[in-house]
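In this chain, residues are counted from 1 in sequence order. If you're wondering where the values come from, they're calculated on a predicted model, not measured in any experiment.
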Amino acid sequence: MATPSIPRSFLQVAATDEVAPPLRVVQIEGLVILKIIKHCKDHSPSLVTGQLLGLDVGSVLEVTNCFPFPMREEDEEIEADGANYQLEMMRCLREVNVDNNTVGWYQSTLLGSFQTVELIETFMNYQENIRRCVCIIYDPSRSDQGVLALKALKLSDSFMELYRSNNFTGEKLREKNLSWVDIFEEIPIKVSNSALISAFMTELEPDTPVAQCDYDRLQLSTSSLMERNMEFLIECMDDLSVEQQKFQFYYRSLSRQQAQQQAWLQKRRSENLARKAAGEEPLPEEDPSNPIFKPLPEPSRLESFLITNQISTYCNQINGVSGQSFNKLYLMKALHEED
């Protein structure tokens, strides 16, 4: 006979430290996506941010509302006003019984240039108070080409652990088996709408299925995105070259220091042989006070990892744009041959 389960109080359930399931999907209300798109597009090309509100339900992070942040300023008083604005907005939402639990933030970007140290620091600040949070990245420049450039990102657990220790040396990265592709994790996005909204959107559909964007797809000229992506890619390659020069200088300094250490050890061993022959005590072969034995600090690889991530993003965008252009050219070639 099965024993009946003893019901637990709310406080007992809340106090139980259960391991949360991994985040599988970010479910966003359609109205939230429209608000994000409008805020980012109205201020483009300036970059804007906003707060995401919702619920953390098991392996699903539900985003049910959002509101924009004021434009960032360097003045400390204005920054304090921005923080007070956020608290006041959340208090007002709570009073009208709207979800006011912070689940992350959204921000706009230009051609996918969002892999920065500032983004990682913002993630770490959110993680101090929120168990799980995401960042919704929206790119208005790419969305103008008929692509909904919307993605949900989070930092990987292994990277956050390494970032807290602030040790991005080659030995530590090999120990954690961490590479540049392991910094961010992209979470699938699911758009959710109520039945009434879906029915209303169906009524709003135009009678003619052909729109202006359908005609724009027939243009054979190369998109300006290709040129801008190439410019940003060249800048990233220059930045990566600077980072590589730092490592080359480090390894040259390390080789020079090792050569000085070996020369010093050879000299000390010769002195010890002479002292032994004279019946004197040998001197220690290690001298921590000597500057040549001071370990050289290895440059952090975090910046090079972020730049490599950014290069990969630009290359993927160039590949997508050029692939579409080639498809159009092959299509027109086939049409001309038929004529």
| message | List the residues meeting side-chain hydrogen bond (donor to acceptor under 3.5 Å, both in side chains) with Tyr163, not counting sequence neighbours, and say none if there are none. | response |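 With neighbours one apart ignored, the set is empty.
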| What residues form a side-chain hydrogen bond (donor to acceptor under 3.5 Å, both in side chains) with Lys190, not counting sequence neighbours? |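 Counting only residues at least two positions away or on another chain, Lys190 forms no side-chain hydrogen bond (donor to acceptor under 3.5 Å, both in side chains).
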Gap between atom [atom2] of [Y] and atom [atom1] of [X] - 0.5 Å precision:
| X | Y | atom1 | atom2 | value |
| --- | --- | --- | --- | --- |
| Gln258 | Tyr251 | CD | OH | 11.0 Å |
| Asn125 | Ile130 | CG | CD1 | 10.5 Å |
| Asp42 | Ser108 | CG | OG | 11.0 Å |
| Leu31 | Thr64 | CG | OG1 | 10.5 Å |
| Leu111 | Leu233 | CG | CG | 11.5 Å |
| Gln107 | Leu153 | CD | CG | 9.0 Å |

| message | Are Phe67 and Trp105, when compared by the centres of their aromatic rings, separated by less than 6.0 Å? | response |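 No.
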Please check if atom [atom1] in [X] has more than 12 non-hydrogen atoms from other residues, nucleotides or ligands closer than 6.0 Å.
| X | atom1 | value |
| --- | --- | --- |
| Phe249 | CZ | no |
| Asp238 | CG | yes |
| Met124 | CE | yes |

Residue pair [X] / [Y], side-chain heavy-atom distance below 4.5 Å:
| X | Y | answer |
| --- | --- | --- |
| Lys151 | Phe114 | yes |
| Leu155 | Ile120 | yes |
| Ile28 | Ser192 | no |
| Gln27 | Leu61 | no |
| Val103 | Val134 | no |
| Ser270 | Asn272 | no |
| Leu150 | Ile137 | no |
| Ile318 | Met230 | yes |

| said: Walk me through whether Cys92 and Glu88 qualify under side-chain contact (heavy atoms from CB on, under 4.5 Å). | reply: CA-CA 6 Å; Cys92 294; Glu88 185 66 19; 3.9 Å; yes
Closest non-hydrogen atom pair, [X] against [Y]:
| X | Y | answer |
| --- | --- | --- |
| Tyr126 | Cys133 | CB-SG, 3.6 Å |
| Ser304 | Phe247 | OG-CE1, 4.4 Å |
| His43 | Val48 | CB-CG1, 3.5 Å |
| Arg132 | Pro22 | NH1-C, 3.5 Å |
| Leu47 | Leu110 | CD2-N, 4.2 Å |
| Ile187 | Lys154 | CD1-CD, 3.6 Å |

Could you tell me whether the side chains of [X] and [Y] share a donor-acceptor contact shorter than 3.5 Å?
| X | Y | answer |
| --- | --- | --- |
| Tyr106 | His39 | yes |
| Gln115 | Thr313 | yes |
| Asp182 | Ser179 | yes |
| Thr102 | Gln51 | yes |

| Mind checking what makes ring-ring contact (aromatic ring centres under 6.0 Å, His included) contact with Phe168, not counting sequence neighbours? |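 Partners of Phe168 by the ring-ring contact (aromatic ring centres under 6.0 Å, His included) criterion, ordered by chain and then number, come out as Phe159.
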Between [X] (side chain only) and [Y] (backbone N and O only), is there a donor and an acceptor less than 3.5 Å apart?
| X | Y | value |
| --- | --- | --- |
| Asn101 | Leu55 | no |
| Arg24 | Ser59 | no |
| Ser241 | Met237 | no |
| Asn319 | Cys315 | no |

Partner residues of [X] under the side-chain contact (heavy atoms from CB on, under 4.5 Å) criterion, sequence neighbours left out:
| X | answer |
| --- | --- |
| Glu235 | Phe232 |
| Asn65 | Lys35, Leu53, Leu93, Val98 |
| Ser165 | Leu162, Asn167 |

| said: I'd like to know if Arg228 pairs up with Glu231 as an ion pair, taking the criterion as any Lys NZ or Arg NE/NH1/NH2 lying under 4.0 Å from an Asp or Glu carboxylate oxygen. | reply: no
| task | Would you kindly confirm whether Leu119 and Val117 end up in one hydrophobic cluster when ILVMFWY residues are joined by side chain heavy atoms under 4.5 Å apart? | result |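 Yes, because Leu119 and Val117 connect within a single hydrophobic cluster, where side-chain heavy atoms sit under 4.5 Å apart.
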| query | Tyr250, Leu302: one ILVMFWY side-chain cluster at the under-4.5 Å cut-off? | reply | no
| said: Apply side-chain contact (heavy atoms from CB on, under 4.5 Å) to residues Cys236 and Tyr314 and explain how you reach the verdict. | reply: CA-CA 9 Å; Cys236 281; Tyr314 292 144; 3.5 Å; yes
